[in-house]
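Quick notes on the structure that follows.
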Amino acid sequence: MSGNICNSNGKKKGTTNMKEHLLQIDNLYFGKPNSNAPSLNISIYQKELISICSSSSPSIHMLTELYKNHRINGQLQFQGQKTISLSKGIPLSYIYSISRYAHLVPALSITDNIFSLRKCNFPHILYNSKHARIAASDLMEELHLSINIHTPVSELTDAEQHLLLLSKAFVSSAKLVILDNIVEYYTYAELRQFLDLIKLLQAKGITFLIFANSPSLLTQFSDRIFVTQNYEITNILYHAEYNDKKLASMMLGDNPQLTTEKKSCQKEEVLFSLDLSTLFPDLTPIQLHHQECLCIFNYNGSSIGEIYNSFTSRFPYELDGKQCTDYQSAIKNGLAPVALSHIRDYSFPELSMQDSLTVPVLNKISTAGIVNKKLLHYCVSICEEKMKCDTTNETTELIKTVLLRWWLTNPKLMLISDLNVAAPDRQDIYPVLNEINESGTALVILSSNLHDCMYFADSLLVIKNSTEFCFFHKSDSVSFMQDVKSYLYEDLK
């Protein structure tokens, strides 16, 4: 184990920390039950910014499951208040979590999202829309946010929605805010604004615990960073000794699992020419072949949203020789876009599994408007069989449903944005994507999870610091993995 390892309470030996203690977590680890993964006792102090960084994607969901199953011991304490035991699994009103799939409710106004739907002591029976709007305007001013409260929620960017969710945490009297991989695809300006709000809320007494997959401004300004590999805490990095490349090297290491790869299904025929010259003037168009898997890895900077829009918003272009002039024609010609950061938008909880899988694709398996019920039943049976898995993760099941639903449309190209598969879920998600690829569909995967990219890629475009890039072909070199690492950490000594 390398790096600076601290004693059991998470402080550097020989230092004195006069911050007010907020939370003590004992026996924290990310391994499976009965595993030999080492645990750690962590002391968290008020106004701290702590990051948990890993290429294997520990998440809020995992932390929540550990807590619900009484596998986390510890205490939450505030000055002048009774200490709360974490081991009892009771709801903790002072902890506010924002997952990567969290968004505002589109049917409600910004004001109602913040004040009407929240965990706080405000008496809802006295809720007054007029007074709430005034309070919302005052809140935007207090938190230095330039968001017009009259803007429809549907017109807000993901970054703006997450800023408002942080505002909601503030008015909910949160003492600890847990953020789950929600800033990976922000622009630099959005990330800067997000960090400014975190600093402001820290000054007001709020502590932040952030899960991350790559270095960013948030890790750069973290007080402490816990680095994990395969759900074991392997390093602790302090603010004074931080640099991006040092953290990235700790996160990736020489994990042998990263050399594992899927079998290539790439054909010789060109399916699509991806022109990203508006983002990277020196990058020649990328020729994507039938059944090829192109991964685009985002490292410490973001162009993911712009690349996704190149397929879904910027027309015209040709897909397998057919002209795509708008979103609908692109879908008709074989594009299957899946934005996993908005996975909840694909959910229809009131529908059965059969209806949820097939409602969007009936036209693909019908004749003259009459549904071919035999073929429909066959397709659904296959998908329902593939949905059988041991996972208790609701999000994983939803991702599989969405992937299989698009697979029913027999796509030529599946575009998957924000893929970020946690280690325990790979056995469920990876086989589905492999079979989709083997059945004849090319994949374009946009991700900040290097493990996912290295596993699936026939070709890999690495983007770092928003403007730099390098293109790799797995078949070009037996040292593909090492070549990628050398490019990412070329100046690390």
Side-chain angles (χ1 to χ4, degrees), residues 2-3 53-57 184-188 191 212-217 219-220 225 227 229 234-235 237 242-262 264 266 274-289 292-307 310 416-421 443-493:
S2 60
C53 298
S54 173
S55 62
S56 55
S57 310
E184 296 172 334
Y185 310 103
Y186 288 4
T187 64
Y188 181 85
L191 188 53
N213 291 112
S214 62
S216 70
L217 280 175
T219 56
Q220 181 180 337
I225 300 173
V227 182
Q229 291 184 17
T234 55
N235 287 279
L237 188 61
Y242 177 88
N243 69 65
D244 284 350
K245 291 179 175 143
K246 187 173 186 178
L247 173 59
S249 182
M250 287 180 176
M251 289 173 64
L252 183 58
D254 295 312
N255 188 343
Q257 288 189 348
L258 287 176
T259 62
T260 318
E261 59 189 57
K262 76 171 189 65
S264 177
Q266 180 177 331
L274 177 59
D275 186 357
L276 298 177
S277 58
T278 56
L279 299 174
F280 310 104
D282 297 330
L283 180 62
T284 58
I286 300 172
Q287 302 299 311
L288 180 70
H289 300 80
E292 182 179 357
C293 183
L294 167 65
C295 291
I296 300 179
F297 173 64
N298 167 50
Y299 171 79
N300 198 21
S302 176
S303 299
I304 294 297
E306 292 294 321
I307 295 173
S310 297
I416 305 171
S417 179
D418 313 339
L419 184 69
N420 187 7
V421 184
L443 301 177
V444 174
I445 295 174
L446 314 179
S447 176
S448 65
N449 187 318
L450 188 56
H451 187 288
D452 293 344
C453 290
M454 297 298 292
Y455 175 82
F456 284 105
D458 294 313
S459 302
L460 175 64
L461 175 64
V462 176
I463 303 170
K464 65 177 184 179
N465 303 325
S466 295
T467 57
E468 302 173 47
F469 66 87
C470 192
F471 196 74
F472 301 88
H473 290 282
K474 189 175 289 184
S475 60
D476 287 347
S477 171
V478 294
S479 59
F480 172 73
M481 172 67 189
Q482 189 57 48
D483 292 343
V484 174
K485 288 178 62 177
S486 296
Y487 173 71
L488 287 173
Y489 318 133
E490 56 189 350
D491 298 323
L492 180 63
K493 302 297 182 183

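Being a predicted model, the structure only gives us computed values, none of them experimental.
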Worksheet item: Between Met454 and Phe480, which heavy-atom pair has the shortest distance, and what is it?
Response: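 Closest approach of Met454 to Phe480, heavy atoms only: CE-CE2, 3.5 Å.
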
Discussion item. Looking at every non-hydrogen atom in both residues, tell me the closest pair between Val462 and Phe472 and how far apart they are.
Written reply: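 Looking at all heavy atoms of both residues, the shortest contact is CG2-CE1, 3.8 Å.
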
What is the distance from atom [atom1] of [X] to atom [atom2] of [Y], rounded to the nearest 0.5 Å?
X      : Y      : atom1 : atom2 : value
Leu237 : Lys246 : CG    : NZ    : 6.0 Å
Ser448 : Ile296 : OG    : CD1   : 13.0 Å
Cys293 : Leu460 : SG    : CG    : 9.5 Å
Thr284 : Leu276 : OG1   : CG    : 10.0 Å
Phe471 : Ile286 : CZ    : CD1   : 4.5 Å
Thr219 : Leu247 : OG1   : CG    : 5.5 Å

Practice prompt. Take Ser447 and Asn449 through the side-chain hydrogen bond (donor to acceptor under 3.5 Å, both in side chains) test and state the conclusion after the steps.
Written response: CA-CA 5 Å; Ser447 176; Asn449 187 318; 5.4 Å; no

Discussion item. Restricting to ring-ring contact (aromatic ring centres under 6.0 Å, His included), what partner residues turn up for Phe469, sequence neighbours left out?
Written reply: Phe280

Worksheet item: Should Tyr487 and Glu468 count as side-chain neighbours, where that means a heavy-atom distance under 4.5 Å?
Response: yes

Worksheet item: Are side-chain heavy atoms of Asp452 and Ile445 found at a separation under 4.5 Å?
Response: no

Discussion item. Would the distance check show the side chain of Thr234 and the main-chain N or O of Val227 forming a donor-acceptor pair, the cut-off being under 3.5 Å?
Written reply: yes

Practice prompt. Apply the test side chain to side chain contact (heavy atoms under 4.5 Å, CB included) to residues Ile463 and Ile307: give CA-CA distance (whole Å), side-chain angles for both, the deciding distance (0.1 Å), then the verdict.
Written response: CA-CA 11 Å; Ile463 303 170; Ile307 295 173; 3.7 Å; yes

Discussion item. Going by side chain to side chain contact (heavy atoms under 4.5 Å, CB included), name the residues that satisfy it together with Gln220, two or more places apart in sequence or in a different chain.
Written reply: Leu217, Tyr242

Discussion item. Test of understanding: with side chain to side chain contact (heavy atoms under 4.5 Å, CB included), list the residues that count as partners of Ser264, not counting sequence neighbours.
Written reply: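 Checked Ser264 against side chain to side chain contact (heavy atoms under 4.5 Å, CB included); matches are Gln266, Asp458.
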
Practice prompt. Go through the structure and list residues passing side-chain hydrogen bond (donor to acceptor under 3.5 Å, both in side chains) with Ser459, not counting sequence neighbours.
Written response: Glu292, His473

Worksheet item: With sequence neighbours excluded, what pairs up with Ser479 under the side-chain hydrogen bond (donor to acceptor under 3.5 Å, both in side chains) test?
Response: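 Listed in chain order: Ser477, Asp483.
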
